[in-house]
Amino acid sequence: MSTSTTGDIQSTPISAVDGETPVPPTNLIFDDREPLETNRHRIAMNALIRSMLVAMANRRDYFVGGNMFIYYSSQQIRNRDFREPDFFVVLNVDGERERQGWVVWEENGRYPDVIIELMSPSTAAMDTGVKKDIYEQTFRTPDYYVFNPFEPDSLQGWRLDLERGYQALNPNLHGWLWCQRLALWLGTWEGAIEDKPGIWLRFYDQQGNLVLLPEEAAFREGALQQLLRLLAVRFGQIPVEVETMLRRQDIHQLERLVEVVLDVESLEQFVNQLS
């Protein structure tokens with residue numbers, strides 16, 4: 001789980017937050033044995049995490065996690081005040097190292113750059129209250145979002161202003177919110193994940209294309225190769241620019257184009273169907 005982007009807001013070192021240099025303890029707890037609220041919450045969390053493997057496939061300097069403890073101060077450890085964001089990303093770090101949790105003083109003072117909490121009726125007040133305050137004032141996390149997997153219209157997000165704190169984000173025409181640190185949109189998508197139909201929280205790229213899950217990306221690549229082979233059989237060598245155009249199509253468009261190949265009489269007619 002690795003990759004990275006750059007941004008304009010940096011994390012605050014732990015010593016500046018805690019007022020002391022923490023002595024690394026040896027008895028940190030990384031599992032409280034508490035399950036996620038529901039199976040839908042689990043699927044939603046894993047979908048967000050796995051989509052990062054595709055969105056950042058060419059990068060290795062990031063860490064993405066979910067439902068993991070974040071340790072940030074010795075006072076917090078004494079109070080056993082654990083924080084477990086449902087989804088978080090930390091950029092510009094060693095993405096190859098295994099971690100049981102995120103321990104800020106072992107990560108050069110780095111806090112999450114992006115956090116998403118998957119709300120439920122029992123956690124909504126905490127997620128938009130106490131947790132939001134901690135992520136704003138202590139973590140200084142640049143981008144924070146909340147979403148209830150059972151309520152499609154519940155997405156909210158905030159961008160950190162260093163002087164004014166968290167400022168609410170305004171949605172675009174699709175109802176999506178921009179995530180500046182990841183340079184991606186965050187919005188809802190209707191379909192099935194793990195054979196469970198529903199409206200899920202997903203990432204979109206700057207052009208509005210859905211960021212695929214690994215299995216979706218593999219399926220799409222298979223459909224693309226099938227289409228290219230069919231085109232080659234019918235019309236011979238396929239120009240690079242045509243392949244480039246096809247790579248911009250989503251899986252549903254690729255499936256439709258398989259039927260188009262069989263109906264048209266020339267490659268030119270096929271290309272006209274792409275516009």
Side-chain angles (χ1 to χ4, degrees), residues 1 3-5 7-9 11 36-38 40-56 62-68 70 83-91 102 110-162 164-190 193 198-206 208 210-211 213:
M1 299 178 181
T3 219
S4 163
T5 55
D8 55 348
I9 298 176
S11 302
L36 289 170
E37 288 281 329
T38 66
R40 183 172 291 271
H41 282 77
R42 178 192 64 79
I43 294 173
M45 179 190 75
N46 287 337
L48 291 169
I49 292 173
R50 291 189 294 118
S51 67
M52 287 294 97
L53 302 178
V54 175
M56 299 183 171
Y62 78 105
F63 180 81
V64 58
N67 199 33
M68 296 173 62
I70 295 180
R83 294 295 160 198
E84 304 171 79
D86 292 315
F87 170 90
F88 68 93
V89 179
V90 191
L91 305 172
W102 190 262
R110 292 302 312 282
Y111 287 86
D113 291 275
V114 179
I115 291 178
I116 300 173
E117 293 287 5
L118 299 171
M119 300 187 298
S120 69
S122 64
T123 67
M126 176 72 73
D127 292 335
T128 58
V130 173
K131 279 190 175 182
K132 179 170 171 279
D133 291 343
I134 290 175
Y135 298 155
E136 174 190 56
Q137 299 167 17
T138 301
F139 286 23
R140 308 293 281 172
T141 291
D143 295 302
Y144 177 51
Y145 307 86
V146 296
F147 179 73
N148 185 333
F150 290 95
E151 297 181 10
D153 298 326
S154 62
L155 178 61
Q156 300 177 70
W158 298 267
R159 173 71 181 171
L160 183 64
D161 182 288
L162 292 177
R164 298 181 296 162
Y166 273 146
Q167 301 297 304
L169 293 169
N170 295 317
N172 68 4
L173 295 177
H174 301 290
W176 305 345
L177 300 178
W178 180 243
C179 181
Q180 186 167 325
R181 291 293 282 162
L182 297 179
L184 295 170
W185 292 98
L186 188 63
T188 55
W189 171 85
E190 185 171 3
I193 301 179
I199 296 178
W200 305 95
L201 191 62
R202 300 287 298 267
F203 287 106
Y204 296 84
D205 66 20
Q206 296 184 52
L210 180 69
V211 174
L213 301 175

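For reference, positions follow the sequence shown, starting with 1. Note: hydrogens, waters and symmetry copies are ignored here, and every other heavy atom, side chains too, is used.
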Minimum heavy-atom separation for [X] to [Y], with atom names?
{"X": "Ile193", "Y": "Ala47", "value": "CD1-CB, 3.9 Å"}
{"X": "Cys179", "Y": "Val114", "value": "SG-CG2, 3.7 Å"}
{"X": "Pro112", "Y": "Pro142", "value": "O-CD, 3.9 Å"}
{"X": "Asn172", "Y": "His174", "value": "OD1-N, 2.9 Å"}
{"X": "Ser154", "Y": "Asn148", "value": "OG-N, 2.8 Å"}
{"X": "Ala55", "Y": "Leu184", "value": "CB-CD1, 4.2 Å"}

Applying ring pair (Phe, Tyr, Trp, His ring centres under 6.0 Å), can you list everything that pairs with Trp200, at least two apart in sequence or on another chain?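 Trp200: no ring pair (Phe, Tyr, Trp, His ring centres under 6.0 Å) contacts found.
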Partner set under ring pair (Phe, Tyr, Trp, His ring centres under 6.0 Å) for Tyr145, not counting sequence neighbours: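 Listed in chain order: nothing, the list is empty.
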Fit a plane to each ring of [X] and [Y], take the angle between them on a 0 to 90° scale, and name the class: parallel (under 30°), tilted (30 to 60°) or perpendicular (over 60°).
{"X": "Trp176", "Y": "Trp185", "result": "tilted"}
{"X": "Tyr166", "Y": "Tyr144", "result": "parallel"}
{"X": "Phe88", "Y": "Trp102", "result": "perpendicular"}

For the backbone of Leu91 and the side chain of Arg110, can you confirm whether one donor and one acceptor N or O come within less than 3.5 Å of each other?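 Present.
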Spacing of [X] atom [atom1] and [Y] atom [atom2] [to the nearest 0.5 Å]:
{"X": "Glu84", "Y": "Lys131", "atom1": "CD", "atom2": "NZ", "value": "7.0 Å"}
{"X": "Met119", "Y": "Gln156", "atom1": "CE", "atom2": "CD", "value": "6.0 Å"}
{"X": "His41", "Y": "Thr38", "atom1": "NE2", "atom2": "OG1", "value": "5.0 Å"}
{"X": "Leu213", "Y": "Met52", "atom1": "CG", "atom2": "CE", "value": "10.5 Å"}
{"X": "Ile115", "Y": "Phe139", "atom1": "CD1", "atom2": "CZ", "value": "5.5 Å"}
{"X": "Arg159", "Y": "Thr141", "atom1": "CZ", "atom2": "OG1", "value": "11.0 Å"}

Derivation of the side chain to side chain contact (heavy atoms under 4.5 Å, CB included) call for Leu118 and Arg40: CA-CA 10 Å; Leu118 299 171; Arg40 183 172 291 271; over 6 Å; no
Residues in side-chain hydrogen bond (donor to acceptor under 3.5 Å, both in side chains) with Thr123, at least two apart?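 Applying side-chain hydrogen bond (donor to acceptor under 3.5 Å, both in side chains) to Thr123 gives Ser120, Asp127.
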For Asp205, all residues meeting side-chain hydrogen bond (donor to acceptor under 3.5 Å, both in side chains), sequence neighbours excluded: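 Per chain and number, Asp205 pairs via side-chain hydrogen bond (donor to acceptor under 3.5 Å, both in side chains) with Asn209.
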Residue list, side chain to side chain contact (heavy atoms under 4.5 Å, CB included) with Glu190, at least two apart or on another chain: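 For Glu190, the residues satisfying side chain to side chain contact (heavy atoms under 4.5 Å, CB included) (neighbours in sequence not counted) are Ile199.
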Asp143/Arg181 salt bridge by N-O under 4.0 Å criterion: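 No.
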Pairwise side-chain contact, [X] with [Y], heavy-atom cut-off 4.5 Å (strictly under):
{"X": "Arg42", "Y": "Asn67", "result": "no"}
{"X": "Tyr135", "Y": "Leu160", "result": "no"}
{"X": "Phe87", "Y": "Val64", "result": "yes"}

If we check side chain to side chain contact (heavy atoms under 4.5 Å, CB included) with Leu48, which of these qualifies: Ile116, Val89, Val211?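 Option passing the side chain to side chain contact (heavy atoms under 4.5 Å, CB included) with Leu48: Ile116.
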Got a sec, which pairs hit salt bridge (Lys or Arg N to Asp or Glu O under 4.0 Å) with one end in residues 43-56, sequence neighbours left out?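 Checked against salt bridge (Lys or Arg N to Asp or Glu O under 4.0 Å) - neighbours excluded - the pairs reaching residues 43-56 are Arg50-Glu215.
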